[in-house]
Number of protein chains: 2
Amino acid sequence: MSDAEYVNIWMRPERPARGPKPTYSRAQITEAAVRIADAEGLEAATMRRIAAEIGAGAMSLYRYVPSRDDLIALVADRLMGEIDVEGMPSGDWRADLTRYATEVRAMWLRHPWIATVHRSLPGFGPNQLRLIERVMGALDAHVPIDENLGLMAILTGYVEGTVREEVSSAEELRRSGLSESEWMARSHPRIQQLVESGEYPIFTKIVMEAGRLHLSRDEQFRHGLERVLDCIAAALPSATGPESENPPNP
Amino acid sequence: MSDAEYVNIWMRPERPARGPKPTYSRAQITEAAVRIADAEGLEAATMRRIAAEIGAGAMSLYRYVPSRDDLIALVADRLMGEIDVEGMPSGDWRADLTRYATEVRAMWLRHPWIATVHRSLPGFGPNQLRLIERVMGALDAHVPIDENLGLMAILTGYVEGTVREEVSSAEELRRSGLSESEWMARSHPRIQQLVESGEYPIFTKIVMEAGRLHLSRDEQFRHGLERVLDCIAAALPSATGPESENPPNP
DNA sequence: CATAATCGCGTACGACGTACCCAGTGGAGG
DNA sequence: CCTCCACTGGGTACGTCGTACGCGATTATG
């Protein structure tokens, strides 16, 4: 009550002033967690396993991080650091948002297990903040801030929603320890049952089409993204107009 | 290996032919799980807790469900059953999709904890299939099936992405056992620190604006949804045209 | 009526996050 | 210089989780 009771993980100093020098570091621990999660999934990144990865005892991690949840918050921000938004806003909002969306998707595909960490309250980590500044900066010159938030919700909703679907199948497979062919073997009877019942014509159509989809996932994503950006463009006050009746930045 | 080895939860019959009559049922167990999750969050719905809720022993549940993961799959489909898509497709695709989106959001708000169950491989549950038929049926007359999938990805991406954000803050709060004011108390120093640093002008703008947002979350959602539907409309072959050059349903 | 399948469920195991404790260490105050 | 004590790493232990296994009781089928 009266003592420290730290508050936000980003406000808790990594190392106090006094005492012996710490052997490890938050960055090292976070990196180990990412490495394990990449290789074996996030649920394999237990405190004991992470500690072992860096050659520490399990309880030593708690000298650096107050709980596993806080460690995951660190990991999440570390992942956001992989998203390259250097030079944004560039003045070309469409190019900026395209790059951002592409970077986010690439990061998710590199670390599919973030699909399993439910987006939490804003963590206020440095990388998250950098993203906010750079990416929302792209539209900041064109719309007021609440409009900007609304449009970004559409964009990030689309990006995260679609890539989550791409990624969580793979995650689910790995988690269940099934190979893709094993999963198909298990699901096929059910699919066949549904198709043969004749009650699900659209589902059947999807199954039939699945064999010969002519667009790769990359192309599908880019195609949908273009549409979403068109949608955002339509909501922007036309830059070609002589004057905007709703000046965004007074 | 040689014996049953059931495959998909929906293909495993609830009750075999022989033996004594079961005391409970999948539906009863699923309902109990939903009840507990609504009241105390999904992580409180442990096997022991669910069993206690219906007055059974912990291990009895495994007579009905092969694992907790499968039970969650049952729960997920049960939630999809709450989404009312009766009478779809009605012929007015925009009305259908609006209703669907609104229903999905309402369901998420009733059961915020579904944000924590990562969307898995298609479970092929009856309610999920009903949704596919009804909702994708809305556009089926207008576009080929792969286009339909792409457009639905945009819609569901937006809906789930935005409502996930609405909901996961509340979930995170409950999970951490903090009240909203406690959370604010913990975060405020960090927010203040960031604002005062002067390095985050857009973040600062958001914080400032937060006090007087003039649109309710409902209105924000509807507003964004209209934009997404406009975006879908733009991708549809114009119904007013004399003939479509790409006949969707041969 | 005998048989075997299925019932509910008690016990037990190996994992998890982490509270608590203790011995060792090294910078600050004398 | 020595002394102190805030800090270090980490071992042990607790409560909880999902669930494997096996028991006696029950009941549809031969």
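Numbers restart at 1 for each chain; the letters A, B, ... are given by sequence-line order, proteins then strands.
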Self-check item: Whole-Å distance separating the CZ atom of A:Arg48 from the P atom of D:dC14
Solution: 14 Å
Quiz item: Separation of B:Ile50 atom CD1 from D:dT16 atom C1', in whole Å?
Solution: 15 Å
Exercise. For A:Ala56, answer base if it contacts any base atom (sugar-phosphate contacts may also be present), sugar-phosphate if it contacts only those atoms, and nothing otherwise; contact means non-hydrogen atoms under 4.0 Å.
Key: sugar-phosphate
Quiz prompt | Integer-rounded Å distance: D:dG9 C1' and A:Leu61 CG | solution = 11 Å
Exercise. Calculate the interatomic distance between B:Tyr62 atom OH and D:dG22 atom C1'; express it in whole Å.
Key: 16 Å
Quiz item: Roughly, in whole Å, what's the span from CD in A:Glu43 to C1' in D:dG18?
Solution: 14 Å
Exercise. Name the closest nucleotide to the B:Pro20 side chain, picking from D:dT19, C:dG17, C:dA5.
Key: C:dA5
Quiz item: Side chain of B:Arg63: nearest nucleotide among D:dT19, C:dC16, C:dC9?
Solution: C:dC9
Quiz item: For A:Met59 and D:dG9, what is the distance between atoms CE and P respectively, to the nearest whole Å?
Solution: 12 Å
Quiz item: Thinking salt bridges, do B:Arg105 and B:Asp218 make one under a 4.0 Å N-O criterion?
Solution: yes
Quiz item: Of all residues at least two apart in sequence or in a different chain, which pass the ring-ring contact (aromatic ring centres under 6.0 Å, His included) check with B:Tyr24?
Solution: none
Practice problem: Using a strict 4.0 Å threshold on nitrogen-to-oxygen distance, state whether A:Glu209 and A:Lys205 make a salt bridge. | Solution: no
Quiz item: Which whole-number value in Å describes the distance from B:Ile29 CD1 to D:dG18 C1'?
Solution: 15 Å
Quiz item: Is there a side-chain polar atom (N or O) of A:Tyr24 under 4.0 Å from OP1 or OP2 of D:dT8?
Solution: no
Self-check item: Residue A:Pro22, side-chain atoms from C-beta onward, closest of C:dT18, D:dT8, D:dC23
Solution: D:dT8
Exercise. Under 4.0 Å between any heavy atoms, over every strand shown, what does B:Ser60 touch: base, sugar-phosphate, or nothing? Just pick one.
Key: base
Exercise. Report the residue (A:Thr46 or B:Gly55) whose heavy-atom-nearest nucleotide on DNA chain C is the more 5′ of the two.
Key: B:Gly55
Self-check item: Partner of A:Glu86 under salt bridge (charged side-chain N to carboxylate O under 4.0 Å, His left out), chosen from A:Arg99, A:Arg134, A:Arg130
Solution: A:Arg134
Quiz item: If you look at every strand shown and take non-hydrogen atoms under 4.0 Å, does A:Arg68 touch a base, only sugar-phosphate, or nothing?
Solution: sugar-phosphate
Quiz item: Any ion pair linking A:Glu53 and A:Arg49 (charged N to carboxylate O, less than 4.0 Å)?
Solution: yes
Quiz prompt | Nucleotide D:dC17, atom P - distance to CG of B:Leu71 in whole Å | solution = 15 Å
